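Model, not experiment: these values are computed from the prediction. All heavy atoms count here, side chains included; hydrogens, waters and symmetry mates do not.
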Amino acid sequence: MDGESGLVADELREVPGVLSAEDVTGAYDAIAVAGSGSMQYLTEVILPEIRNLPGVTRALPAPVLGGSTRDGETGQREQVAAADRAA
């Protein structure tokens with residue numbers, strides 16, 4: 001990444017279903033938490049939206065296994081997606 005041009009979290013937050021997103025350092029450029037009723041919805045609807053963001057080269061699912069992963073209002077499970085952006 002070269003400065004601010006590589007940051008993607010603001011764009012991730014605009015994707016329907018994404019609850020939060022943060023730019024990170026390390027193996028990925030950003031981590032997003034998404035609300036999804038199923039892994040199928042995450043992989044067939046939310047991840048393609050993330051992959052279509054300009055410069056995103058890959059987005060990978062990582063289901064949350066912890067006990068506090070259900071939204072009390074919607075009952076949706078939270079899932080995590082990691083995204084990389086082209087340098």
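The side chain to side chain contact (heavy atoms under 4.5 Å, CB included) check on A21 picks up A9, L12, R13, V18, A32, with sequence neighbours excluded. Residues forming a side chain to side chain contact (heavy atoms under 4.5 Å, CB included) with S20 (at least two apart in sequence, or on another chain): V33. Every residue two or more places apart in sequence or in another chain was checked for a salt bridge (charged side-chain N to carboxylate O under 4.0 Å, His left out) with R51, and none qualifies. Residues satisfying the side chain to side chain donor-acceptor pair (under 3.5 Å) criterion with E44, sequence neighbours excluded, are Q40.
Summarising the geometry of G35 relative to I46, their closest heavy-atom pair is O-CD1, 3.7 Å, with the distance given to 0.1 Å. Listed here is the closest heavy atom pair of M39 and P61: CE-CB, 4.0 Å. Between L42 and A34 the shortest heavy-atom distance is CD1-CB, 4.2 Å.
For the atom pair CG (L7) and CD (E22), the distance works out to 11.0 Å, reported to the nearest 0.5 Å.
Of the candidates L60, V8, D23, L60 is the only one forming a side-chain contact (heavy atoms from CB on, under 4.5 Å) with Y28.
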